[in-house]
Amino acid sequence: MKAARIHQYGGPEVIRIDHVDIPAPGDAEVLIATEATSFNPTELAVRQGIFDIDLPHTLGWDLAGYHDGRPVIGFVDSGAAAEFTVADKDRIVPAPQSIPLRHAAAIPLAGLTAWQVTNEIAKGQKVLINGAGGGIGSFAVQLAKRKGAYVIATASPRSTEAVYRHGADEVIDYTKQVPDTPVDVMIHLVGTPPPWPPPARERVISAAAPVEADVPSEHVVMRYDRDMLAALVEMVDAGLVTVDVTATYPIDAMADVRRKAGTFRGKVILTS
Ligand SMILES: NC(=O)c1ccc[n+]([C@@H]2O[C@H](COP(=O)([O-])OP(=O)(O)OC[C@H]3O[C@@H](n4cnc5c(N)ncnc54)[C@H](OP(=O)(O)O)[C@@H]3O)[C@@H](O)[C@H]2O)c1
């Protein structure tokens, strides 16, 4: 089978499309005929040697594919950028039926992270979502709105329309304006700290760069939760959450997609 792998740490040039044996699942695992994975900027850290991995390493965390003919999605520590993937049984859930299976590969990491950073948002709170144009941001805006928040989002012109469509009440063009309207909670989804004082009165929650603030500021790392992922799938099928896929490439283009990191908005899919 084909697999997008790295044999050493480095830039996108170390990504190779190899032909390898189909992996064999262990006792608590299942074999998935992979349809797609999605591009997550955090995976760049894998190539930089920041995570403890064995080499060669098959890329791909988000997973959409077929288990015994049934469409599923899930999250794996490695291996989804291949024609077949081994996944823990408890790491997969039935896929949504209302969107193409390959698009559903956009949901696990970005959707779960968005859920976990918006989890404690209360009805009526004013929330600033900084970085709303990205993969996590597109889910976070929708989930914060569903909780009854008033959402102020930052986005550049290419993402403004999408961010309004996801329900933002106000969109601030971060390339021209500093978000300085006081809010209850600020959610930070950008890889660098904000170059302005966080206007949060209660707390700051970051899934990306740590944020220094005068109020409690926490960093959230995505925790896989099968029930939460299943609930997200239900919300997608109920039309309550939209999956914002903006581009699809074959996994053969993995190195190119990684080279173009930063030029995308929404979620990018890589099909096996
Ligand atoms: N903690 C965790 O568990 C976890 C999990 C996944 C990801 N992450 C991290 O969370 C961050 C977001 O991930 P992602 O997957 O959503 O990334 P992404 O899809 O690559 O986000 C790209 C978006 O960031 C926006 N952006 C870039 N610079 C900005 C700025 N200065 N101000 C406001 N928006 C800006 C752009 O929006 P426009 O299109 O509007 O320009 C772009 O669309 C990354 O740093 C990632 O590493 C953390």
Side-chain angles (χ1 to χ4, degrees), residues 37-48 50-51 59-62 75-77 80 103 105-119 127-144 151-166 168 170-180 183 186-199 204-211 217-225 228-229 232 243-249 257-270:
T37 186
S38 89
F39 171 62
N40 286 297
T42 317
E43 273 194 82
L44 300 177
V46 171
R47 258 192 295 113
Q48 291 162 350
I50 290 168
F51 297 122
L59 298 165
W61 288 341
D62 285 325
F75 185 77
V76 290
D77 293 334
H103 286 193
I107 300 173
L109 180 62
L112 288 173
T113 308
W115 184 302
Q116 289 162 17
V117 294
T118 57
N119 211 14
V127 178
L128 169 65
I129 299 184
N130 190 40
I136 302 175
S138 67
F139 287 110
V141 170
Q142 299 180 73
L143 294 173
V151 173
I152 303 175
T154 64
S156 66
R158 65 177 179 173
S159 291
T160 299
E161 190 267 328
V163 172
Y164 272 127
R165 191 165 13 96
H166 293 140
E170 293 177 36
V171 178
I172 292 173
D173 179 353
Y174 68 83
T175 64
K176 294 205 177 104
Q177 203 187 330
V178 166
D180 53 9
V183 293
M186 170 174 153
I187 293 173
H188 185 69
L189 303 173
V190 181
T192 50
W196 29 263
V204 175
I205 303 165
S206 175
V211 178
S217 179
E218 67 183 286
H219 185 259
V220 169
V221 176
M222 191 281 278
R223 178 179 45 80
Y224 180 79
D225 185 313
M228 218 178 257
L229 185 56
L232 271 168
V243 179
D244 188 13
V245 171
T246 52
T248 302
Y249 297 87
V257 168
R258 299 294 174 101
R259 268 184 209 104
K260 290 182 191 152
T263 66
F264 300 115
R265 57 156 306 275
K267 286 295 294 177
V268 175
I269 298 297
L270 290 141

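Order of listing sets the numbers, starting from 1, for every ligand and every atom in it. One-based numbering along the sequence shown.
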Take Ile187 and Val127, measure what side chain to side chain contact (heavy atoms under 4.5 Å, CB included) needs, and give me the verdict at the end. CA-CA 7 Å; Ile187 293 173; Val127 178; 3.9 Å; yes
Evaluate the side-chain hydrogen bond (donor to acceptor under 3.5 Å, both in side chains) criterion for residues Asp244 and Ser138: first the C-alpha distance (whole Å), next the side-chain angles of each, then the deciding distance (0.1 Å), finally the verdict. CA-CA 7 Å; Asp244 188 13; Ser138 67; 4.6 Å; no
Could you walk me through whether Lys260 and Tyr249 pass the side chain to side chain contact (heavy atoms under 4.5 Å, CB included) check? CA-CA 12 Å; Lys260 290 182 191 152; Tyr249 297 87; 3.9 Å; yes
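Scanning the protein heavy atoms around atom 7 (C) of ligand 1, the nearest turns out to be Thr42 OG1, 2.9 Å. Of all protein heavy atoms, the one lying nearest to atom 23 (C) of ligand 1 is Gly134 CA, 3.5 Å. Counting protein heavy atoms only, atom 19 (O) of ligand 1 is closest to Gly135 N, 2.8 Å. Nearest protein heavy-atom neighbour of atom 17 (O) of ligand 1: Pro41 CG, 3.3 Å. Of the protein's heavy atoms, Ser159 OG, 2.6 Å lies nearest to atom 39 (O) of ligand 1. Scanning the protein heavy atoms around atom 4 (C) of ligand 1, the nearest turns out to be Ala207 O, 3.7 Å. In terms of protein heavy-atom proximity, atom 38 (P) of ligand 1 is nearest to Ser156 OG, 3.3 Å. Considering only non-hydrogen protein atoms, atom 3 (O) of ligand 1 sits nearest to Met222 N, 2.7 Å.
Residue contacts with ligand 1: Gly137 is placed with no nitrogen or oxygen under 3.5 Å of a nitrogen or oxygen of the ligand (distance criterion only). Residue contacts with ligand 1: His219 is placed with no nitrogen or oxygen under 3.5 Å of a nitrogen or oxygen of the ligand (distance criterion only). Ligand 1 has no N or O atom lying under 3.5 Å from any N or O atom of Leu109, backbone or side chain. Of the polar atoms of Ile136, at least one N or O is found under 3.5 Å from an N or O of ligand 1, judged by distance alone.
Residue Ala207 comes nearest to Val117 through the heavy atom pair CB-CG1, 4.0 Å, listed as atom of the first residue, atom of the second, then distance.
Nearest-heavy-atom check against atom 30 (C) of ligand 1 across Tyr174, Phe139, Trp61, Phe39 picks out Tyr174. Closest to atom 11 (C) of ligand 1 by heavy atom, among Val163, Thr113, Leu189, is Leu189.
Heavy atoms of Arg158 found under 4.0 angstrom from ligand 1 belong exclusively to the side chain. Using a 4.0 Å cut-off between heavy atoms, Val220 contacts ligand 1 through its backbone alone, with no side-chain atom that close.
Separation of atoms CD1 (Ile129) and CD1 (Ile136) is listed at 11.0 Å; rounding is to 0.5 Å. Atom NE2 of His103 sits about 12.5 Å away from atom NZ of Lys267, to the nearest 0.5 Å. Between the CD1 atom in Ile172 and the CG atom in Asn130 there is a gap of 9.0 Å [rounded to 0.5 Å].
The Thr154 neighbourhood of ligand 1 comprises atoms 33 (C), with distances under 4.0 Å to a heavy atom of that residue. Contact atoms of ligand 1 toward Asn130: 32 (N), 33 (C) (distance under 4.0 Å to a heavy atom of the residue). Distances below 4.0 Å separate heavy atoms of Arg265 from the following atoms of ligand 1: 39 (O), 43 (O). For ligand 1, the atoms lying closer than 4.0 Å to a non-hydrogen atom of Ala155 are 40 (O). Below 4.0 Å from some heavy atom of Ala208 lie the following atoms of ligand 1, by number and element: 10 (O), 11 (C), 45 (O). Residue Gly131 approaches ligand 1 through these ligand atoms, each under 4.0 Å from one of its heavy atoms: 33 (C), 34 (N). The atoms of ligand 1 that sit less than 4.0 Å from any heavy atom of Gly191 are 45 (O).
In this structure, the side chains of Thr42 and Trp61 come closer than 4.5 Å at one or more pairs of heavy atoms. Residues Glu218 and Val204 fail the side-chain proximity criterion, which asks for heavy atoms closer than 4.5 Å. Proximity of Trp196 to Asp180: side-chain heavy atoms (C-beta onward) are nowhere separated by under 4.5 Å. Proximity of Thr118 to Phe139: side-chain heavy atoms (C-beta onward) are nowhere separated by under 4.5 Å. Contact check for Leu229 versus Phe75: no side-chain heavy atoms found under the 4.5 Å cut-off.
In this structure, a donor-acceptor pair under 3.5 Å is absent between the side chains of Arg265 and Thr246. No hydrogens or angles considered: a donor-acceptor pair under 3.5 Å links the side chains of Thr175 and Asp173.
Ligand 1 has at least one atom lying under 4.0 Å from a heavy atom of Phe264.
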